[in-house]
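Below: the structure, in structure tokens.
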Number of protein chains: 2
Amino acid sequence: MTTPTGDQALIKRINTAIVLEYILRGAPLSRAQISEQSGLNKATVSSLVQDLIDGSLVRETGTGQSSGGRKPVMLEFIATSGYAVGIDLGVNYIRGVLADLRGNIIAERTSSLRHPDPGAAAEQLCECIDSLMAEAPASPYGIVGIGVGVPGLVDDLGSILFAPNLKWRDVPLQQILTERFSLPVTIDNEANMGALGEQKYGAGRSISNLIYVSVGIGIGTGLILHKSLYKGASGFSGEMGHLSVEAHGRSCACGNRGCWELYASEQALLEQSAELGFEDLESLLVAAGEGRQDVLELFSGIGEYLGIGIANIVNVFNPDAVIIGNRMSQARPWLEGVLRQTVTQRALGFHLRKVQLLFAELGERSSMMGAAEMAIAGFFSRVKAT
Amino acid sequence: MTTPTGDQALIKRINTAIVLEYILRGAPLSRAQISEQSGLNKATVSSLVQDLIDGSLVRETGTGQSSGGRKPVMLEFIATSGYAVGIDLGVNYIRGVLADLRGNIIAERTSSLRHPDPGAAAEQLCECIDSLMAEAPASPYGIVGIGVGVPGLVDDLGSILFAPNLKWRDVPLQQILTERFSLPVTIDNEANMGALGEQKYGAGRSISNLIYVSVGIGIGTGLILHKSLYKGASGFSGEMGHLSVEAHGRSCACGNRGCWELYASEQALLEQSAELGFEDLESLLVAAGEGRQDVLELFSGIGEYLGIGIANIVNVFNPDAVIIGNRMSQARPWLEGVLRQTVTQRALGFHLRKVQLLFAELGERSSMMGAAEMAIAGFFSRVKAT
DNA sequence: CTTAGTTTGTCTATCCAATAAACTAAGTTT
DNA sequence: AAACTTAGTTTATTGGATAGACAAACTAAG
């Protein structure tokens, strides 16, 4: 094994990354400002900026305001020098996006999954990707990568080991897509993608430690710790849907008892609402909007159990923020009150001081945008390495 | 704000650290081996090794076996060029150690806490440190630092915000000790220290992701993720003793209900054993050793609840290992069976494949050794920076 | 014992990125 | 217009890493 050693190329990579980071965050700004803010020498900044300009990642946008001397030449990142594809593969839908390198949405596709069989789904997925790629304007780097979020366990090679709601086992999706498109492909769990999406483009912008709770049919979680996705020993963690909140509660298909998602997921809601004659979340939302008391009580129950689990999360991770996403986030108006109250009651005071309780800003787009972000991040780490 | 930028000094730091790491792990070994294994040029290794020799951190130990050419000059780390003090401040005891830079124990002190008052305790603590420091042989670096593990919440400035069992609030322990000894001082939670101790010197040697569960009067946890201690937003995470395992169970002093430590801690055990006439863990261990059925059942109950919580941990973190430490680890013979069975039943199959269930190897020394390791690690990060 | 080949570790010339300082360019203020 | 300011480039220097030459010290084959 060879540890990555330090040499001059490493320094250049590090400093290029710093310069690019400043331009990404603070544009428009001048070379002088970058030098002053980063501590890098003016000459160094000039040279690195020139490399970035040569690499079509940055351009000069003309002169800015003088502050008593020569006018600065302002710089900005060229978001349109490449595009990324982000896909959210759901249990019964495929949602896809074409985004530029800043995450601006260029095109979007939504379709329902015609057939849950892995082969057919992969085919439909490829069609979706093809049609999105066709929308990309000509650009220096073209399509820089494809990211896909899936509702299941994914190993580090991008194979779907197990997706219970799709009834898939061992589908080597990354391999299939890489062969088909000859592009870098990243596959990950839907909750991890959602966490990334919200951290980059949504409610959790630039928060270091956040937990994204994806409340859909089941409950999944994406953990961003120290600014990076935490994945456990085998590459999959965050199965917090199967955190037991009632040690001797109902048996779960996973083998455990009293799992959180038995009490706080969309599935749990629908089971309880069946006897009231509701079959899907949408009709329940409408009924709640009309003020139906029995429906409101259902949501309140879900809110309480969500709070119980989130209090646990807060106690365990002491995160900066917890973000509630996926389908259940639409029920925010009827959940939020009970939820906050429960968390406040149950979480430790010291932890509560800092934690923010948020709802996903990107709504149903969290996971898809996270997938696009994965592809973009992969591109950046590659260009910085050259 | 100035981001740390890359320059040549950074390269040297990185490469020095690499070389030192190889010598620490693989000693005795030669310059040639380091060069080959690390990928660094022979000349580079020679030069960096010379610096380390000049800095009294490495020495030549004579020639080794030839492999068909010139004999190599073997190198080893000089563990005795400095010493660290590690302290475990318990609810009713102070345990301290003087260790060399490899963590070899040079001297050890144990005393019971005379008075729980912060002032008196700090005084006793200083006496203990003084007497340990007096044991250190003369060495180039002398005492390189002091680490202290405490049973409470510690902020990033080393102040004890709250230690329920000591009844302390806002004790600026780091400041007190720094002023008194003029040495680098690190204060952290007892469970974090224990996790570090076991990861470095105990059952979890060089495991990347491990969760240390400290089962004493309460339950604390130390999280090592991606090889480094994870501390949450406010600098304290891992309050997993207050993970709720019975959503509608008994009320806990923390405000939550059904907290894990109400069911699986030493406290929980003692409450149940009171009616059998046992007052402390030690007598229960003796009784269990004699095969008393009612006591065995008590331990079995604790084992089951420990398993319930650990299954949750496994599902959330998917760690490489879970290590059970602190006082309750002495009951291993009567806990382990039920515990493993419960975890196997309740944790997700995919996660179980990799996770190891271990008991602390350092026993009561985990936390103290972790504290010493903190001091040693601090020393290394300082020398590498020069 | 000689000779060829191998391995270890050092030495030297070179490369490359960052930097300080000098410098050019292009403004503003008095 | 002169003096000052700020922006960005050029130039010479510094300090690490490196390849390759080299010396030292060994083994093994004849």
Side-chain angles (χ1 to χ4, degrees), chain A residues 2-20 22-23 26 28-54 58-75 384-386, chain B residues 2-20 22-23 26 28-54 58-75 384-386:
Chain A
T2 44
T3 333
T5 63
D7 60 356
Q8 312 233 70
L10 175 69
I11 293 190
K12 192 160 189 180
R13 272 213 303 285
I14 292 173
N15 289 341
T16 307
I18 291 173
V19 169
L20 191 51
Y22 273 95
I23 298 177
L29 81 179
S30 68
R31 291 170 177 79
Q33 283 174 287
I34 298 174
S35 167
E36 198 189 351
Q37 291 171 30
S38 69
L40 287 166
N41 188 278
K42 286 195 295 176
T44 309
V45 172
S46 266
S47 150
L48 294 176
V49 165
Q50 192 53 54
D51 288 353
L52 288 171
I53 290 176
D54 293 343
V58 165
R59 72 173 147 231
E60 300 182 335
T61 61
T63 54
Q65 276 276 309
S66 161
S67 57
R70 170 175 166 180
K71 286 181 179 168
V73 179
M74 306 313 272
L75 303 168
K384 282 170 191 168
T386 338
Chain B
T2 45
T3 335
T5 63
D7 60 356
Q8 310 238 69
L10 176 68
I11 294 188
K12 191 162 189 178
R13 272 214 304 286
I14 292 173
N15 289 341
T16 306
I18 290 174
V19 169
L20 191 52
Y22 273 96
I23 297 177
L29 83 177
S30 67
R31 292 168 174 83
Q33 282 174 290
I34 299 174
S35 167
E36 197 189 352
Q37 290 172 30
S38 69
L40 287 166
N41 188 279
K42 286 193 294 174
T44 309
V45 172
S46 265
S47 149
L48 295 176
V49 164
Q50 193 53 54
D51 289 354
L52 289 172
I53 290 177
D54 292 345
V58 166
R59 73 173 146 229
E60 301 183 336
T61 61
T63 52
Q65 275 275 310
S66 160
S67 58
R70 174 175 165 179
K71 285 181 180 167
V73 178
M74 306 314 272
L75 303 167
K384 282 172 192 167
T386 341

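Lettering of chains follows the sequences in order, A, B, ..., and the numbering in each one begins at 1.
Once rounded to the nearest 0.5 Å, the distance linking CG of A:Asn15 with CG of A:Asp51 reads 11.5 Å. With rounding to the nearest 0.5 Å, the separation of CD1 in A:Ile14 from CD1 in B:Ile11 is 8.0 Å. Rounding to the nearest 0.5 angstrom, the gap separating the CD1 atom in B:Ile18 from the CG atom in B:Leu48 is 9.5 Å.
The distance between atom CZ of B:Arg13 and atom P of D:dA17, rounded to the nearest whole Å, is 12 Å. B:Lys12 has its NZ atom 15 Å from the C1' atom of D:dT18, to the nearest Å. Counting to the nearest Å, the P atom of D:dG16 and the CG atom of B:Asp7 are 9 Å from each other. Summarising the geometry, the separation between CG on B:Asp51 and C1' on D:dA17 is reported as 13 Å, rounded to the nearest angstrom.
Nearest-nucleotide assignment on DNA chain D puts the 5′-proximal partner with A:Gln33, out of A:Gln33 and B:Leu40. For the pair A:Ser47 and B:Arg70, nearest-nucleotide mapping onto DNA chain C gives the more 5' position to B:Arg70. Comparing B:Gly68 and B:Val73, the nucleotide of DNA chain C nearest to each residue sits closer to the 5' end for B:Gly68.
With hydrogens and angles disregarded, a donor-acceptor distance shorter than 3.5 Å links the side chain of A:Asp7 to the backbone of A:Leu10. For the pair B:Glu36 (side chain) and B:Gln33 (backbone), a donor-acceptor distance under 3.5 Å is absent. A donor-acceptor distance shorter than 3.5 angstrom exists from the side chain of A:Ser35 to the backbone of A:Leu40, with no hydrogens or angles considered.
Between B:Glu60 and B:Arg31 the shortest side-chain heavy-atom distance falls below 4.5 Å.
Distances shorter than 4.0 Å separate some side-chain N or O of A:Arg31 from OP1 or OP2 on D:dT9. Taking 4.0 angstrom as the limit, B:Asn41 places none of its side-chain polar atoms (N or O) nearer than this to OP1 or OP2 of D:dA17.
Residue B:Val45 is out of contact with every strand shown, counting any heavy-atom pair closer than 4.0 Å. Among the atoms of the strands shown, only primed sugar atoms or phosphate atoms (P, OP1, OP2) are found under 4.0 Å from some heavy atom of A:Ser30. Counting non-hydrogen atoms under 4.0 angstrom, B:Ser66 reaches the backbone sugars and phosphates but no base. Residue contacts shown for A:Thr44 include a base, since a base heavy atom lies under 4.0 Å away. Among the protein residues, A:Lys42 comes within range of the nucleic acid bases, having at least one heavy atom under 4.0 Å from a base atom. Within 4.0 Å (heavy atoms only), A:Ser35 reaches no atom of the nucleic acid at all. Nucleic acid contact class of A:Ala43 (heavy atoms, under 4.0 Å, all strands): base.
As the counterpart of D:dA3, C:dT28 is assigned, both hydrogen-bonding distances of the Watson-Crick or G-U wobble pattern falling under 3.5 Å. For D:dC22, the paired nucleotide is C:dG9, the pair qualifying as Watson-Crick or G-U wobble because both relevant distances are below 3.5 Å.
Nucleotides of DNA chain C lying under 4.0 Å from heavy atoms of chain B occupy a range whose first and last members, 5' to 3', are C:dG5 to C:dA18.
Candidate nucleotides D:dT14, D:dA21, D:dA17 were compared by shortest atom distance to the side chain of B:Leu48, and D:dA17 ranks first.
Here A:Lys71 pairs with A:Thr63, A:Ser66 under the side-chain contact (heavy atoms from CB on, under 4.5 Å) rule; sequence neighbours left out.
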